[in-house]
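Naming convention: chains lettered A, B, ... in sequence-line order (proteins, then strands); numbering from 1 in each chain. The structure presented is a predicted model; accordingly, all values stated were derived computationally and were not measured.
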2 protein chains.
Amino acid sequence: MGGHRAQQKEKTRRTIIDAAFRLLNQERSYSSLSLREVTREAGIAPTSFYRHFEDMEELGLTLVDEGGVALRQLMRKARQRIRDQGSVIQTSVETFMEFIQSSPHVFRLLLRERSGTSLAFRKAVSRELQYFVVELADYIQHTQGYPAEEARVQAEAMVILVFNACAEALDCKPAERKLLTEKSIRQLRFVARGADEFLKGRH
Amino acid sequence: MGGHRAQQKEKTRRTIIDAAFRLLNQERSYSSLSLREVTREAGIAPTSFYRHFEDMEELGLTLVDEGGVALRQLMRKARQRIRDQGSVIQTSVETFMEFIQSSPHVFRLLLRERSGTSLAFRKAVSRELQYFVVELADYIQHTQGYPAEEARVQAEAMVILVFNACAEALDCKPAERKLLTEKSIRQLRFVARGADEFLKGRH
DNA sequence: TAAAATTGCGTACAAGTGTACGCTGAAAAA
DNA sequence: TTTTTCAGCGTACACTTGTACGCAATTTTA
């Protein structure tokens, strides 16, 4: 089952994807990657690329998708931790910070393509981040009893703040990262507290 | 005075800078710009570029600087408006939104290079944004009597939220931009209100 | 005035790019 | 078995890129 052929093809496809990820470091962005570079890193002929992807954009979107999967795994992990230890805000921020430490490539890809030149990329990244927003909004809505709209606006603010703190953290040493984590936590608390006050004031 | 020569040189230099800005649209980022493209757009020979800039990075940093000037003008304008009409939050957000409408190239440059591949660029953009943060923090500190630290953390959160809303607005039609503006205002109010509550709670 | 300096141009070259085309060997289908 | 399919390769081509080098014209300096 599977077919020896299809199996081999999938394997090569993965080789390409992994090679591309490997090339995404501090000073290479996806858009600056050439098809030939990727195939060189993957150890295949340039023209073989086309057996797997239409062009570089298609590969890029695949990478973003994989990044999204990693993000959602992260989200699940965070949810578990929140159940275990309580603090939503602290846990979310810390989980994110661990993510950029364990897979900076993935984070950088999402970070850069979020404001990149390809609309398709921007939309894809935005979609991935929305998963997080929805998840968090749900949590807020159910535990705090906020209206859906209100919860969502709040959740979006929080995700943006955490995401930006992580972006900043990429350029930092561990010690400075700790400070950033704390700052970020304070900012999220502002948002949470502020939203709460607005809601109380309305009744 | 000035010297006919130096004067002519400055003129060509401007031609190059303007050409580069002109090329920065939706689907071209600075890092994807080639030296030859810029000189072609500027109407000079490729090799003449070197009479004015060491390399593309130097030109890029010049552009970021010019973008910073535009931002600071914006800031001054906002300050004036706040004096005239009162609401800090609404005015700040609206001024920013007008900025991306009037000079989207400049905003896009800052937005992209903020998470780009060149550390020098990232630092330059970060520095420009810090002007805004400092300014806003000052305002908060003086009108609300917050401690400097607290005001700064709050101001940073606000600038990040506005900046991100603008980034999102770049892909939007005017009608959607209005919604974004409102959402952004609400988020900043959360932050302001939350910070306020935290401070009250401490006494 | 003569000499020096400097902006801008044209040419040239090595290196890198995307991709069209046809071949080969092995797997899948007949 | 014979035939068909197809992943992967090598070659080839037309472009684009950055930049070294020397020349021309004109301004600045001596």
Side-chain angles (χ1 to χ4, degrees), chain A residues 1-25 27-63 112-113 116-121, chain B residues 1-25 27-63 112-113 116-121:
Chain A
M1 79 306 191
H4 183 223
R5 196 142 214 196
Q7 208 172 310
Q8 178 55 39
K9 181 166 183 182
E10 181 54 31
K11 205 170 152 191
T12 309
R13 192 184 138 98
R14 265 248 68 82
T15 307
I16 296 175
I17 292 173
D18 291 343
F21 264 124
R22 231 174 300 131
L23 291 172
L24 290 178
N25 53 32
E27 46 272 323
R28 310 287 282 129
S29 75
Y30 183 77
S31 44
S32 80
L33 238 53
S34 78
L35 184 149
R36 288 177 106 108
E37 264 179 308
V38 173
T39 55
R40 217 178 296 134
E41 173 76 20
I44 62 168
T47 47
S48 300
F49 180 91
Y50 298 106
R51 304 289 187 195
H52 303 272
F53 302 95
E54 181 78 16
D55 51 24
M56 283 293 284
E57 167 137 320
E58 195 180 310
L59 169 60
L61 290 174
T62 306
L63 294 189
R112 293 206 174 117
E113 299 313 325
T117 47
S118 153
L119 180 60
F121 275 36
Chain B
M1 80 307 192
H4 183 223
R5 200 160 218 175
Q7 207 172 312
Q8 178 54 40
K9 181 168 183 181
E10 180 55 33
K11 205 170 151 190
T12 310
R13 191 184 137 97
R14 264 249 69 83
T15 307
I16 296 176
I17 292 174
D18 291 344
F21 264 125
R22 229 174 301 132
L23 291 172
L24 289 179
N25 53 32
E27 47 272 324
R28 308 288 282 121
S29 76
Y30 183 76
S31 44
S32 80
L33 239 54
S34 78
L35 184 149
R36 287 178 106 108
E37 263 179 309
V38 173
T39 56
R40 218 178 294 135
E41 174 77 20
I44 63 169
T47 47
S48 300
F49 180 91
Y50 297 105
R51 305 289 187 196
H52 303 272
F53 301 96
E54 180 78 16
D55 51 24
M56 283 294 284
E57 167 137 317
E58 194 180 311
L59 169 60
L61 290 174
T62 305
L63 294 190
R112 293 205 175 118
E113 299 313 324
T117 47
S118 153
L119 181 59
F121 275 36

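Within the 4.0 angstrom heavy-atom criterion, only backbone atoms of the sugar-phosphate kind lie near B/R40; the bases stay farther away.
When all heavy atoms are compared, the tightest approach of A/P46 to A/T39 is CA-OG1, 3.6 Å. Across all non-hydrogen atoms, the minimal contact from A/A19 to A/V38 is CB-O, 3.9 Å. Among all heavy-atom pairs drawn from B/R112 and B/N25, the shortest one is NH1-O, 3.5 Å. For the residue pair B/A120 and B/E57, the shortest heavy atom distance occurs at CB-OE2, 3.8 Å. Residue A/F49 comes nearest to A/I44 through the heavy atom pair N-CD1, 4.2 Å, listed as atom of the first residue, atom of the second, then distance.
Separating the CD atom of B/E41 from the P atom of D/dT16 is a distance of 16 Å, rounded to the nearest angstrom. When rounded to the nearest whole Å, the span between CD1 of A/I16 and P of D/dA7 equals 12 Å. We find that CZ of B/F49 is positioned 19 Å from P of D/dT16, with the value rounded to whole Å. With rounding to whole Å, B/E57 atom CD is found 17 Å from D/dT19 atom C1'.
Distances were taken from every side-chain heavy atom of B/E37 (C-beta onward) to each of D/dC9, D/dG18, D/dT17; the shortest belongs to D/dT17.
Among residues two or more places apart in sequence or in another chain, the side-chain hydrogen bond (donor to acceptor under 3.5 Å, both in side chains) test is passed with A/S31 by A/S29. A search for ring pair (Phe, Tyr, Trp, His ring centres under 6.0 Å) contacts involving B/Y30 returns B/F121, not counting sequence neighbours. In this view, B/D18 and B/R14 satisfy the side-chain hydrogen bond (donor to acceptor under 3.5 Å, both in side chains) rule, not counting sequence neighbours.
Below the 3.5 angstrom threshold, one finds no donor paired with an acceptor across the side chain of B/T47 and the base of D/dG18.
Within the structure, salt bridge (Lys or Arg N to Asp or Glu O under 4.0 Å) contacts touching residues 31-45 of chain B (residues at least two apart or in different chains) are B/R22-B/E41, B/R28-B/E37.
For DNA chain C, the span of nucleotides reached by chain A at under 4.0 Å from its heavy atoms goes, 5' to 3', from C/dT17 to C/dA28.
Between A/H52 and A/R36, the one whose closest nucleotide on DNA chain D sits nearer the 5' end is A/H52.
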Atom pairs, N/O to N/O, protein against nucleotides 23-27 of chain D, distance under 3.5 Å?
residue, atom, partner, partner atom, Å
D/dT26, O2, B/R5, NH2, 3.0
D/dT27, O2, B/R5, NH1, 2.9

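Remark: A/T12 is in phosphate contact with D/dG8, judged by side-chain N or O atoms under 4.0 Å from OP1 or OP2. When the side-chain nitrogen and oxygen atoms of A/S48 are compared with OP1 and OP2 of D/dA7, none of them lie within a distance under 4.0 Å.
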